[in-house]
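Computed from a predicted model, the values in this text were never measured in an experiment. In what follows, chains carry the letters A, B, and so on, assigned in the order in which the sequence lines appear, proteins first and then strands, with residues in each chain numbered from 1.
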Amino acid sequence: MSEQIEDGEPMLRVENLQKRFRVDDGIVNAITNRLRGDDPSYVHAVDGVSFDLQKGETLGLAGESGCGKTTTGMTLTKLYEPSGGSIRYEGRDITDLEGEDLQAFRRNVQMIFQDPFESLNPKRTIFDTLVEPLKIHDIGNQQKRVARALEFAGLTPPEQFFDQFPHELSGGQRQRVAIARALVLDPDFIVADEPVSMLDVSLRAGVLQLLERMNKEYNLSVVYISHDLSLLRHMCDKLAIMYLGRIVEYGRTEEIIESPKHPYTKALVNAVPVPDPTIKRTRVELAGEVGDAIEVPTGCRFKDRCDEHLGDVCDQVSPPLERKADITGDRLVGCHLFESAEGFDPEAELVKSRSGDGSPVAAESDD
Amino acid sequence: MSLLEVDDLRVHYETGEGPVKAVDGVSFSIDPGENVGIVGESGCGKTTLADAILGILEENGSVAGGEIRFDGQDITDMSASERRRLMWNEISMIPQSAMNALDPVYTVRDQIVEAIFAHETMSNNEADERVRDLFELVGLDPERADDYPHQFSGGMRQRAMIAMALALEPSLILADEPTTALDVIMQDQILKRISALQDEINSSMMIITHDVSVVAETCDRVVVMYAGKVAEEGPADTIFDRPYHPYTLGLQGAFPNIRKPDQDLVSIPGHPPELIEPPTGCRFVDRCPLATEDCRTSEPPEVRTDDLRTFCHHTDKIDGGFRSRAGDRDAWKETVAAMEIQR
Amino acid sequence: MGIQDETADSIYTDLDEYAGVDDDRSEWSRFIARWRETFASQWRLLKQDTLVVFGIVTIAFFALVAVLAPYIAPHSPLERQYGDDGVLISQWHEPFWLGGEGGHILGTTAEGYDIFSQLVFGTRPALIVGFAAAVITATFGTMVALVAGYYGGRVDDVLMRLVDIAYGLPLLPTVILMVAYLGPSFFNVIIAVCLLQWRSSARVIRSQVLSLRERPFVQSARVAGASDWRIISRHIAPNVLPLTFLYAAFAIGWGILTEAGVSFLGLGDPSQVSWGTMLQSSHTYNAMSHGVWWWFVPPGICIALVVISGFLIGRGYEEITNPKLRRRN
Amino acid sequence: MGKTEFAIRRTFQLVLTLWAVGTLLFVIFRLMPGDPTSYILSPGMDAEARQAIVEDFGLNAPVHEQYISFLTNAVVLDFGRSFHTSEPVQDVLFRLIPNTLVLMLAAFVMAYGIGIVLGVFVGANRGTRFEKGGIVLALVQRSMPTFWVGILVLWIFGAWLGVIPMSGMRSAGESPESFLHMVASLDFFWHLIAPAACLAFYSMGYPLLLMRNSMLEILGEEFIDVCEAKGLKRRTVLFKHAARNAFLPIVTAAAVSLGFAVGGSVLIETVFGWPGLGREMVRAVIRRDFPVAQGAFVMLAGLVITMNFVADLAYGYLDPRVTYD
């Protein structure tokens with residue numbers, strides 16, 4: 001990003017983050033591929049993602065399955081090592097942290113997962129589960145802290161849950177335990193990957209309220225990962241719409257939902273059903289399906305499904321995520337339909353690529 | 001006459017701890033050409049209901065009472081072969097996850113043709129022609145009919161399932177969570193496709209879902225189920241506009257609405273009851289902010305208000321204070337907390 | 001630069017003074033509680049199955065016989081018996097209840113050994129092989145599986161190719177060959193069985209580890225900064241334990257069957273009486289042609305009983321560990 | 001990855017496995033504690049004969065040369081001469097292989113034919129007495145030692161009822177012109193039936209249990225519900241859809257279980273005096289005729305490895321989902 005959306009040093013700054021996975025097919029294939037001189041193939045799950053996260057801010061990562069939102073989340077929590085780009089936490093690059101520095105970072109970041117039935121070790125009591133992070137970081141007053149966290153998560157009286165096993169709890173209670181575990185270290189930010197999508201409808205709201213309280217009362221930053229825009233609209237200050245490993249639109253939630261600009265965002269927002277029979281929405285039919293993350297298309301990744309496709313520019317020049325002159329508000333959009341406010345000229349890039357070595361332009365959104 | 005009448009249906013599952021009364025006295029009907037949504041949380045018996053109609057209950061489940069009348073004939077009473085004749089020809093299904101609903105070792109064409117040949121006599125060419133038409137109808141490339149299911153994406157498989165469901169132009173289609181496994185965009189397209197096709201062949205549909213918004217957009221009438229029983233039933237517009245059952249109100253409030261970002265989300269306190277020994281009286285009693293002693297001791301009566309059927313003791317009270325407060329999450333919490341203390 | 005910064009409005013602010021010793025919840029008691037729960041839940045599930053209970057009772061019975069063998073058996077297994085006439089027996093005798101002389105419960109062998117005593121003492125090698133095979137194969141297989149599954153990559157590749165190779169070896173012929181080369185001793189039979197049997201537990205448990213490794217609870221521990229050792233020992237190993245038990249139970253059966261087979265072929269430990277050697281000598285003396293069934297029927301029944309008990313327990317575990325086999329509801 | 005590439009890769013793996021087995025054999029044989037000659041040679045042998053054998057085996061060459069010559073000989077199936085009869089091991093093996101193959105094939109067809117069908121029915125009748133009975137039957141089959149079953153059969157049907165021969169592959173007077181003539185004869189069938197049935201009895205439990213488990217899994221799949229809802233006959237659902245899918249894991253398992261069946265055949269051949277590879281291997285081991293024992297072992301192991309290979313390839317053709325990665 002060329003400039004910050006808001007003033008002040010962001011707590012977390014992600015720049016051009018990339019994560020690719022090698023398509024691994026065993027030692028024998030690796031040898032035969034090597035012999036034939038083939039390059040190993042990669043899945044480009046996250047391919048140049050940039051955003052800022054302020055203290056106390058909530059950001060929603062939205063998109064269809066396979067768009068790289070979960071991989072982004074897992075890279076943020078250092079479950080995956082990034083393949084490129086940087087993650088800066090409080091001004092410090094954490095991509096290559098090791099040893100004690102890494103442990104210090106780990107104290108401040110936690111993750112909440114989707115499946116309440118899989119997120120707790122079935123062989124350990126609730127107390128064991130909650131006390132583990134404290135033991136790892138050698139933090140005192142363990143029992144009181146655990147009790148405090150459980151209480152905050154609405155599991156009262158906490159002592160009653162200490163010796164219970166996950167199978168004795170309901171789905172909603174388990175997800176609350178998972179939240180308590182995330183909170184027990186008192187982190188600065190949390191990545192929540194579809195935190196309620198597997199809960200029963202009537203229990204969802206309770207867990208969402210808990211997450212809201214966590215953010216509001218303790219000034220925690222949260223990255224929500226979800227395909228459910230209704231939910232993200234409810235929970236998030238900012239929204240990043242992802243498509244095939246990239247952010248295509250980024251800005252304030254209500255602005256994006258009220259007036260989506262990127263053709264993909266439009267389709268996504270309009271596809272959300274509304275629980276009110278009197279409201280009729282305009283549906284945008286989107287052709288085709290999400291493309292291949294192994295052989296990423298040149299130019300705009302959305303070009304094949306786009307109604308407003310402009311021709312060669314879209315085919316050849318990858319649109320950077322940038323401010324647009326014809327879009328007001330704090331909004332970044334990655335689409336050639338709008339005029340750049342940052343001086344990026346796709347036509348010129350197209351000419352350059354033709355006169356040059358003929359390879360397609362890989363424009364990056366950062367300076 | 002109604003196309004499908006379910007009359008006081010009871011379905012039990014035998015378990016080590018006694019029978020689970022998954023469906024316990026459910027009645028409703030579907031008229032020709034009508035779309036009926038069955039809404040409820042997991043475990044409320046909505047899938048069991050569909051399985052009972054289709055005759056594909058788990059081996060420990062059985063119809064313990066009541067009737068399912070299709071075109072006036074009780075299908076629970078039919079012989080296996082009579083029933084088989086009816087299946088797919090008259091009643092077909094779109095299952096929850098097309099991921100596993102197609103046999104992985106046969107091509108999609110083979111599986112559709114198999115359904116056709118089970119009920120109609122025609123030449124291979126005619127059957128192929130039918131498959132081609134069906135594929136075009138659901139927006140799939142007919143050239144890909146000879147692919148195996150795993151070669152299709154999730155959305156394509158669900159389309160193939162719809163093609164198969166329509167193969168014999170049934171008069172009733174049972175769709176069990178037809179889109180939950182899909183992404184938003186695909187979900188939208190599939191729902192749109194289903195509605196359009198169904199209008200074309202004028203079949204009725206029963207859509208089972210936990211997603212209130214899906215029902216709001218596709219159904220004429222809604223049955224709200226709770227813990228194996230009908231809580232409320234009526235036209236979709238009325239159900240969404242002025243429901244009388246507190247559970248319906250709670251369910252609506254639990255869903256975030258993309259158009260109403262500032263609305264509080266309602267969380268209904270507590271959990272649905274165990275269905276091995278369900279509470280006497282109203283099953284919603286432990287979670288209901290309006291519950292009284294009556295609710296605990298006697299079954300809620302069927303009350304008809306406007307065009308709704310509501311099973312509740314307090315339909316008269318709901319208009320007074322609670323409806324206006326139902327969207328407020330604290331209203332639920334406080335009232336139920338107060339009940340806890342009383343007990 | 002403030003990675004260590006504490007949030008000002010933390011819910012734990014008042015607890016931040018490290019008070020030193022603060023836990024009245026003893027680590028030890030929780031450890032015991034955890035394992036008690038693990039075993040209790042396994043047992044709760046297992047005892048519902050009458051066949052499993054049968055298996056456990058049978059094995060317990062044979063274990064008791066093995067321990068008390070000297071008190072149960074009327075004679076030493078390799079002590080030649082004298083007939084009623086005071087002469088060393090040189091032909092088989094019928095059991096006393098078929099009118100055989102000498103009051104032998106199951107008669108004598110052609111060499112004049114008391115069959116019942118041999119049967120009782122034969123329990124020992126059978127159970128030792130069975131349990132040794134169970135413990136060694138299950139432990140080794142599980143360890144290989146944990147390493148291969150958790151670390152993945154080339155380590156996994158190499159270990160799994162080793163498993164493939166082990167699968168290429170036919171069990172009994174390999175054991176025969178190894179015993180032939182290493183010498184016919186009881187210990188060598190155990191080694192040979194174990195060398196070949198770890199493969200199936202390794203393969204199956206590895207795939208379980210692969211799936212566990214990606215489970216959210218393991219990921220959560222990793223986000224919290226847990227070391228590999230902590231993740232393997234606290235999160236993964238306890239969850240593959242039922243599978244380890246399953247393979248241990250099956251290994252009892254395979255161990256005993258293999259030992260019996262090897263002994264039957266005359267490659268067993270010559271100094272030991274086992275059910276396999278009993279069957280071997282009966283075969284050598286062509287007992288079946290002469291209808292001396294009391295010689296060759298009882299050892300076979302004993303083998304089958306112990307082996308099936310192991311299988312029954314293993315199968316019981318299989319039904320527990322594979323949720324797809326379990327009845328729903 | 002395409003099918004051919006998968007086949008190539010799998011072939012590579014096959015070669016690797018064969019090489020590893022050969023190496024293992026060499027290591028066990030050559031690197032045993034003490035002088036290898038002392039294991040091979042009987043004490044009564046004179047110095048000249050001893051020298052001849054040492055040279056024949058190349059035991060005086062450096063270890064790596066021994067290793068290479070061992071492997072090259074193994075590739076051309078040259079295992080030297082029998083200590084006992086001086087006949088080339090190759091000739092002995094080639095004479096015996098068909099006998100073992102016939103026995104195993106007959107047993108395998110019986111075991112898998114009956115086992116799979118029983119497994120389908122046991123799986124389809126979940127929770128009934130029939131199911132429980134089927135499981136117990138399968139476990140009983142697997143827990144009774146094969147050789148003991150053989151002994152019982154010989155005792156009851158051979159000695160007592162006298163309906164089967166006690167031993168061998170053909171009756172004393174019979175001298176068929178060729179192997180094929182012999183196999184086609186009634187006398188051969190009469191000799192074959194008991195050992196093959198015993199082997200089948202033992203091998204049957206595995207496919208039965210596996211098919212049952214596999215059926216249970218498949219019957220819980222949603223596509224089975226769809227098939228039933230389509231109004232298909234129960235038989236069609238059970239066999240055309242459920243069993244066809246449940247059959248897939250059996251293919252791999254069959255190859256793996258062959259490793260056990262080979263062991264079973266060693267015992268059965270010994271009990272019934274069937275002149276096959278297994279019995280020969282045991283006799284050779286007892287006589288300390290190592291070239292023959294080794295050769296027979298390599299043959300048996302090769303059989304198992306090849307079957308694993310074939311099964312993996314077959315799987316690809318049976319299951320359209322296999323993507324070879």
Can you tell me if [X] and [Y] form a side-chain donor-acceptor pair at under 3.5 Å?
X	Y	value
A/Asp237	A/Thr58	yes
A/His137	A/Glu132	no
C/Tyr150	C/Asp156	no

Answer yes or no: is there a donor N or O on one side and an acceptor on the other, between the side chain of [X] and the main chain of [Y], under 3.5 Å?
X	Y	value
C/Thr142	C/Thr244	no
A/Lys55	A/Leu220	no
C/Gln197	C/Cys194	no
A/Glu57	A/Val222	no
A/Arg204	A/Leu199	yes
A/Lys78	A/Ile94	yes
A/Gln175	A/Phe113	yes

- Query: Do the ring centers of A/Tyr42 and A/Phe21 come within less than 6.0 Å of each other?
  - Reply: no
- Message: Strictly less than 4.5 Å between heavy atoms, which residues of residues 201-218 of chain C line up against chain A? Please order them by number.
- Response: C/Arg215, C/Pro216, C/Phe217
- Note on the structure: Bottom line for A/Leu120: the part with an atom under 4.5 Å from chain C's heavy atoms is backbone
- For A/Ala149, is it the side chain, the backbone, both or neither that has a heavy atom under 4.5 Å from a heavy atom of chain C? both
- Message: If I measure from the heavy atoms of chain A, does C/Arg234 come under 4.5 Å with its side chain, its backbone, both, or neither?
- Response: both
- Query: So which residues of residues 152-161 of chain A are in contact with chain C at a heavy-atom cut-off of under 4.5 Å?
  - Reply: A/Phe152
